[in-house]
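For reference, the structure is listed below as structure tokens.
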Amino acid sequence: MIEAGRPATKLKSEALQVLLERGLVHQCTDLETLDRNLAAGPVTAYAGFDATAASLHVGHLMPLMTMRWLQKLGHRPILLLGGGTSRVGDPSFRNEARPLLGDEQIAANISGIRHSVERLIDFRGEDGALLVDNADWLTEFRFLEFLRDFGSQFTVNRMMTFDSVKSRLEAQMPLTVLEFCYMMLQAVDFLELSRRHACTLQIGGSDQWGNIINGVELARKGDGKQLFGLTVPLITTASGAKMGKTAAGAVWLHPEHLSPFGFWQFWRNTADADVPRFLRLFTELPMTEVLRLSELQGAELNEAKKILATQVTAIVHGAEEARNAREQGDRLFAGEEELAAPTHRLDLQHLADGLGLLQLVVHVGFATSTSDAWRLVEGGGVRLNGRVVEDPRRRIAVGDLAAEDQLTLAVGRRRKALVAFD
RNA sequence: GGAGGAGUGCCCGAGUGGCUAAAGGGGACGGACUGUAAAUCCGUUGGCUAAGCCUACGUUGGUUCGAAUCCAACCUCCUCCA
């Protein structure tokens, strides 16, 4: 295993030097040879995303940032959407099977994921990145053919040794054949991409190590080719929690699931202790700047947090949205609940239909249910236009709208929304 | 194949006929304090246009005025025997 952030004096390739100093490297199958390859010329690398939800979330930023760096440094990324593997479900480090997804759900999720991926990676031009879907080949296999061609290359003995399934086996929890075969499918993906597009490197989260190794081994046995695997670390916050989970759900990358301002807020609220690490991992600021910002102490760190938030938001939602979000943040937290640009839009018709405050709180994503919102109101945590709301049954009326038919809604100290009706 | 044990809310974990929407802890969120941080203290933590109603303690049925708690079958797991 590679220590993240270790001075990369021996490395020849700029790519690995950058990834290491950014803290994006956790494990690698053969760091030295990969380094030579990356130094010798463009390498094609892939990262895959299964269609488990309608949007990617901040956890997916790690492999995506890695791909961005590789692209920036002259290598070619392939982003793989798991249209095929999503029908199976990766059992890695899970103690029970995922609910099986229907084809329609998968198709819908893939389009949401594609949206974010296309923002983060440049697919234009001949040398641009590639976007592929493993349904293209996985659905073509016939069962007996598949078993003969690939089943013969895997042993159950070996497959059972992977940590990703070991705990499930040891806990005697059921692991279906369907799930167990997931690692074969991902291995075949890697082989397929190496054949079709000369892809030699797979990037994934640390939970993907086993799946990646299987691909590397399959290519060696089957095609006599050396492929490489590189995993990014699992990020936890300073308080030890898995990153990106909040009361209102995951921190989504898709603007329909979390507004750019909400996204900006998430990063602005980073704990002090996480700031240096997050700057390295999730921004593309030069290391000198990262180090300078990391030196800041106490309340000065607030400026670093704003820069962090604005940088990440720019990568995910674009520079313009990032600027807006920052401006919003500055204004909304300046003192009063000042208005900037709307974070949410609603049809004016909703007011005529009798829009409840609780519904609005849920709608903007500050509560997961009206009951949840109800409790927030009872706890004195909800403010409408700067005034604490006492009555959970409060309805929104035309009289609540300020200029331009807008109102501000705030939950707690940090979550604020500007809702426009039109 | 046989004998015994277990399955609780986001997680861990009490409860063994009504006082239980379910102790306690963790996490999370809200309030106070602050720097939109941390620590600390207080509160909340199934759903619902909500002084009420509805769903909940593996699943499905049953006993009972009343069940997470008793019974039956089923599913899953654990331990011991073969």
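Fair warning: this is a prediction, and the values are worked out from it, not measured in the lab. Below, chain A is the first sequence line, B the second, and so on; all start at residue 1. Just so it is clear, the values below take in all heavy atoms, side chains as well, and ignore hydrogens, waters and symmetry mates.
Of the residues T313(A), T310(A), N269(A), the one that meets the side chain to side chain donor-acceptor pair (under 3.5 Å) test with W264(A) is T310(A).
Of all nucleotides listed (G35(B), U36(B), U45(B)), U45(B) comes nearest to the side chain of R375(A). Of the candidate nucleotides G35(B), A51(B), U44(B), G35(B) has the atom nearest to the side chain of N302(A). Comparing C29(B), A50(B), G35(B) by their nearest atom to the side chain of R415(A) picks out C29(B). The A271(A) side chain lies nearest to A37(B) when the options are A37(B), U36(B), U45(B). Taking the side chain of L376(A) as heavy atoms from C-beta on, and the options U36(B), C29(B), G46(B), the nearest nucleotide is C29(B). Here the side chain of R413(A) is nearest to one of G46(B), U36(B), G30(B), namely U36(B).
The distance between atom NZ of K306(A) and atom C1' of U36(B), rounded to the nearest whole Å, is 9 Å. At whole-Å resolution of the value, CD1 in I307(A) and P in G35(B) are 20 Å apart. What separates CG of L308(A) from C1' of A37(B) is a distance of 13 Å, to the nearest Å. Across the protein-nucleic acid pair, E390(A) atom CD and G31(B) atom P stand 13 Å apart, rounded to whole Å. Rounding to whole angstrom units, CG of residue D272(A) and C1' of A39(B) are separated by 12 Å. Rounded to whole angstrom, the span from the CG atom of L293(A) across to the P atom of A37(B) amounts to 19 Å. E300(A) has its CD atom 15 Å from the P atom of U36(B), to the nearest Å. Distance, R383(A) CZ to U36(B) P: 12 Å, rounded to whole Å.
Here, C57(B) and G7(B) have their P atoms 13 Å apart, quoted to the whole Å. A68(B) and G18(B) are spaced 10 Å apart, taking the P atom of each and rounding to whole Å. Nucleotides A56(B) and A67(B) are separated by 12 Å at their P atoms, to the nearest Å. Atom name P, nucleotides A22(B) and C41(B): the rounded distance is 25 Å, in whole Å. Comparing U45(B) with A38(B), their C1' atoms sit 23 Å apart, to the nearest whole Å. The separation of U64(B) from U59(B), taken at their P atoms, amounts to 23 Å, rounded to a whole angstrom. Rounded to a whole angstrom, the distance from the P atom of G5(B) to that of C19(B) is 28 Å. Only the P atoms considered, C74(B) is 15 Å distant from G4(B), to the nearest whole Å.
Salt bridge present: R394(A) and D400(A) bring a charged side-chain N and a carboxylate O closer than 4.0 Å.
Contact check for Q406(A) versus L401(A): no side-chain heavy atoms found under the 4.5 Å cut-off.
Using a 4.0 Å heavy-atom distance criterion, S369(A) is classed as a sugar-phosphate-only contact. Within 4.0 Å (heavy atoms only), G356(A) reaches no atom of the nucleic acid at all. Contact annotation for R268(A): base contact, defined as any heavy-atom pair under 4.0 Å involving a base atom. Nucleic acid contact class of Q359(A) (heavy atoms, under 4.0 Å, all strands): sugar-phosphate only.
For Q265(A) and R393(A), each mapped to the nucleotide of RNA chain B holding its nearest heavy atom, the one lying further toward the 5' end belongs to Q265(A). Mapped onto RNA chain B by nearest heavy atom, L358(A) and T270(A) fall at different nucleotides, with T270(A) at the one closer to the 5' end.
In this pair, H60(A) and H57(A) present their aromatic rings tilted. The plane angle is within the 30 to 60° band.
The backbone N or O of T283(A) lies less than 3.5 Å from a partner atom in the side chain of R22(A), making a donor-acceptor pair.
In this structure N134(A) satisfies the side-chain contact (heavy atoms from CB on, under 4.5 Å) test together with L80(A), T85(A), W137(A), L138(A), D189(A), sequence neighbours excluded. With sequence neighbours excluded, no residue satisfies ring-ring contact (aromatic ring centres under 6.0 Å, His included) with F123(A).
W252(A) has its ring centre no less than 6.0 Å from the ring centre of F263(A).
In summary, the side chains of Q265(A) and Q328(A) do not present any donor paired with an acceptor at a separation below 3.5 Å, with no hydrogens or angles considered.
Stem regions annotated for RNA chain B: B:1-7 with B:75-81, B:10-12 with B:24-26, B:27-32 with B:40-45, B:46-48 with B:52-54, B:58-62 with B:70-74, counting only runs of 3 or more consecutive pairs of Watson-Crick or G-U type with both contacts under 3.5 Å.
Residue side chain D372(A) does not reach the base of G47(B) through any donor-acceptor N/O pair under 3.5 Å, judged by distance alone.
Not one side-chain nitrogen or oxygen of S371(A) sits closer than 4.0 Å to the OP1 or OP2 atom of G46(B).
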